[in-house]
Every structure is written in structure tokens, then in C-alpha cells.
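Down below is the structure, laid out as C-alpha cells.
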There are 2 protein chains.
Amino acid sequence: MSTKNKILDAAELLFADKGFNGTSLREITGLASVNLAAVNYHFGSKKELIKAVMSRYMDELSPRLESALLQLCERDDKPTLHEVFSAFIEPLLYLNQYRENGTSTFLQLLGRGYTDSQGFLRWFLTTQYPNVFANFTEAVHKAYPELSAEEMFWRLHFTMGTIVFTMSSSDALIDIAANDFSREVDISGVIEKVIPYVAAGVAAPISNK
Amino acid sequence: MSTKNKILDAAELLFADKGFNGTSLREITGLASVNLAAVNYHFGSKKELIKAVMSRYMDELSPRLESALLQLCERDDKPTLHEVFSAFIEPLLYLNQYRENGTSTFLQLLGRGYTDSQGFLRWFLTTQYPNVFANFTEAVHKAYPELSAEEMFWRLHFTMGTIVFTMSSSDALIDIAANDFSREVDISGVIEKVIPYVAAGVAAPISNK
DNA sequence: CGGTATTTTAAACAGGTGTTTAAACTGACT
DNA sequence: AGTCAGTTTAAACACCTGTTTAAAATACCG
């Protein structure tokens, strides 16, 4: 395996576990069994390494996600919100096939990126992958046309928060559930539980305050 | 003002903005116009300072929150989920009175603490303030008795995620909303928007998978 | 006032950070 | 075999981290 990929693999594992700020280049290169200077040689800087880690996942995820959402938009009948959110399942779970524990690792990274580094990742995703957001809002609009653009903006960010935050601590939650309810749940189980929740949240009646 | 309080004020501001890992003691003591060693003298360590910052808010919040939830539980009729979540409004907004921008600062801190430092804050809150959680789950159970303990566990954590994550980036979201919809929203406006969302999420029908 | 705690201060500590340098090595092509 | 680009390496760079020290300043109280 190439040095570049060894670094990416080690970096994504540590980033997901300890955050971007909390992970040093020496930890990464140590786990990857690679010289410290290799990061700056191959990626230029730590910040570029972070982008590369996220891009590797996004480039795998976004085409599948886009086509799933587009397919929903082009249907004749009106989709339900549950269907819209379910469109995420297959693309997300495919990451498990593409990389071991890919799904939860990616979602953890997403959670890290949203709180670490003062929103730099939010900027990166919305500017580099704008189609995903556009297709998603279009699908939601088709399922729930009465929702105003402003109300949708808020509810989609609430949803983003729910997903990302839940998944960024999914390991801990899965452990607690195993102890308290002696119920084994994996990442796809968590996804199945969260979808009715966010679908109902987005579908909530509009308050006439 | 005492050195101790000057440190706490500067620390909470920087912690909320840049996270616990992302804020150095030198930044804190610099902003507080206080000697660097004062932190270790008054608090012992950075970790203890973090606890002190959170405790100052929790000690103000938890009694009000507990009584609001308890009042709901002792009512004869069955409360709605909307009422349960609305019980948070007054105690949270009171933090604004107690400290400038107290509500959003506290919620941002909560968001930081959940993702920074590998869940240490989750442990701190659940062990130091267990009554808040107990009263909350009791209130939700009264409003929605059909919800099993396991399903409630998941949905409450989803809710926690929604709230905490939304609020930890509320400043950015409020800015975007102001630009895109020329609508001025403040922190209480965000709370009003998020409550129907989480209430509907928790109230979602139980999937019979 | 004098003496005892408490608090503040500058300085140093030991160790970690991302990044750069220049030399050494590698593998392919003429 | 010799050249040369691409890659790897150890070492050093300048700076930042939380914490500790011991001396100086301040506050308190009999």
C-alpha cells in the first residue's frame, strides 16, 4: 500500500476518534508506520490532509446519494419524507463495503468537522459538494410542498445536527444500549431508529406563532 | 471583580467559541488580564477549570429545570410532548438574565463538551446532575407512555443531539438565515423553531420492524 | 504597626506542535 | 552503468502547551 494511503487510513481513524485538533501528525505517522515529514510531502499541510480524508469519502458517497435523491424527484407520485430520508441508507451503508466501519467513521468525521475548526468543514462541504444539498432540499420540497424555504432551512439543519451528532457519539450510545437493554445494535440499527425521528421532525406541523 | 471570576468569564467565552481543546490557558489569562499561573492556583488544572465553567451554569439551570419538569409530572392530566420540551424554555432563557448571552453560550459549551474530550463532559453531567435526566424521562413517559424505555433512550439522545448541535452552531445559522431570508432571529427564536421539531420526533409512531 | 496568610507575579520547566531542511535512498530509463 | 526524478529519512526549526517554582506584593487581623 502506498504511503499516501497509509497516512489517509491512519488519519481518518484517529480523526474520527479524537477529533482533528486532538490528533497530532506524530500520532498519525506513528500509526501508519511512516515518517513524520511524509504528511507535508504528500499533502502539504495538516489542513489539506483533513480535506483529503473527507474528500475520499465524499467522492464515494455523493454520486450515489445524488442519484438516489434524483430518482425520488423524478418519480410521478409524491414521495413521503420517510422515503426521502431512507434514500440516505444505501449510499451510507455502502461506505461499509468500501472501507471497514466506513459508515460510522464517515459520520463521526462529519460530526467532528462540524464542531472542530470553527465551521471550516461546513464551508468545505457546501462549496465543494453543493449538488447534494440542492437535490436533498428539492426532494424534501416535493414531499412536503407546504414547508416554506425558511422553515425548511431550519429543519434541515436540525436534521443535519441530529444525524451528525448522534453518529459522532454512536459508539458510546451503542455501548450504553448494550448494557442497559442487553440489546445489540449496530450502525445500521441506529440509522433505522433515527430516520422515523427526523422524518417526523421535518414533517411537524408549521407553528402559526 | 475577583480573579477567579475574571478567569471564568474569559474561559467560558473562549471555550464556547473555539472549544476546550482549541483554547489555551494563555489565551484565557490574556483576555482576563490575569497572570498565567492564576488558573492553576485557583482551579488546580485546566480540566478543573472546565468543570467550574460548566458547574456555574448547571447550578443556575438545574433547580429551575427540575422544578419545571416536576410541576409537569405532578399535574393530574397528561401533558403533551410539546409542553414537556417547552419546560426547558424559561430555565434556559433565564441564563440570559443571569449572564449576557448566557443561553447561547451555555448551549454552545454543551455542544463543545459532547464532542471534545471524548465524552468526559457527558460523564460529568450525568453523574453530577442525575436528577435533571430522571425528571425529564419521567415527564416524557407521562406524555407518551407507549414509548418503551429503549425507544425513549434513543429518542432522547437524538433530541439532545439536535438541541446541542444546533445551538453549538447557532451563531452561524442565525447569520445565514439573516442573509438568505432577511429575517432577524435570536436564540429564543431558534428555540421556538426547534421545539416543534423535537416534539414531533419523539412523538413519532413506533416502527414495527 | 507587625506578622501571618493569601494572592499575584515573572521565570523557567519539560514536553508537544506543525513545518522545513538537506542528505540519503529508490527504482526506472537511456 | 549512470543519470535523474520521485520518495523517504533523521534532524532541527521556531513556537506553543499545561504546570511548577520561588520570590514579590497584597490583604487581613491581633
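Proteins come first, then strands; the chains are lettered A, B, ... in the order of their sequence lines, and each starts at number 1.
For A:Leu14 and C:dG18, the CG to P distance is 12 Å, given to the nearest whole Å. Rounding to whole angstrom units, CG of residue A:Leu49 and C1' of C:dT17 are separated by 15 Å. Summarising the geometry, the separation between CG on A:Asn35 and P on C:dT19 is reported as 15 Å, rounded to the nearest angstrom. Whole-Å rounding puts the A:Leu25 CG to D:dC13 P distance at 20 Å. Atoms CZ (B:Phe43) and C1' (C:dT8) sit 15 Å apart, rounded to a whole Å. Put simply, CD1 on A:Ile28 is 8 Å from P on C:dG18, counting in whole angstrom units. The NE2-C1' distance, from A:His42 to D:dT8, rounds to 8 Å in whole Å. Between B:Lys4 atom NZ and D:dA27 atom P there is a gap of 18 Å when expressed in whole angstrom units.
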Which letter, B, S or -, goes with each nucleotide of nucleotides 20-26 of chain D from 5' to 3', with contact meaning a protein heavy atom under 4.0 Å? B------
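The residues B:Glu12 and B:Arg56 are annotated as salt-bridged, a charged nitrogen and a carboxylate oxygen being separated by less than 4.0 angstrom. The pair B:Arg99-B:Glu60 does not meet the salt-bridge criterion, since no charged nitrogen lies less than 4.0 angstrom from a carboxylate oxygen.
Between the side chain of A:Thr137 and the main chain of A:Phe133, a donor-acceptor pair closer than 3.5 Å is present. Here the side chain of A:Asn96 pairs a donor or acceptor atom with the backbone of A:Thr103 at under 3.5 angstrom.
Side-chain to base pairing of A:Arg26 with C:dG16: no donor and acceptor N or O lie closer than 3.5 Å to each other.
Distance check, rounded to the nearest 0.5 Å: CG of A:Leu107 to OG1 of A:Thr166 gives 10.0 Å. Atom CG of B:Asn35 and atom OH of B:Tyr41 lie 12.5 Å apart (nearest 0.5 Å).
With pairs defined as Watson-Crick or G-U wobble and both atom distances under 3.5 Å, the stems of at least three pairs that touch DNA chain D come out as C:1-6 with D:25-30, C:8-13 with D:18-23, C:15-23 with D:8-16, C:25-30 with D:1-6.
B:Thr23 comes within 4.0 angstrom of sugar-phosphate atoms only, judged by non-hydrogen atoms across all strands, and of no base.
B:Ser104 has its side chain out of reach of B:Met167: every pair of non-hydrogen atoms, C-beta onward, lies at least 4.5 Å apart.
Cation-pi geometry between A:Arg112 and A:Phe15 is not met at under 6.0 angstrom from the ring centre and within 45 degrees of the axis.
Residues A:Tyr197 and A:Phe85 keep their aromatic ring centres 6.0 Å or farther apart.
Contact between the side-chain N/O atoms of B:Ser24 and the OP1/OP2 oxygens of D:dC16 is not found at any separation under 4.0 Å. For C:dT8, the OP1/OP2 oxygens have a side-chain nitrogen or oxygen of B:Thr3 closer than 4.0 Å.
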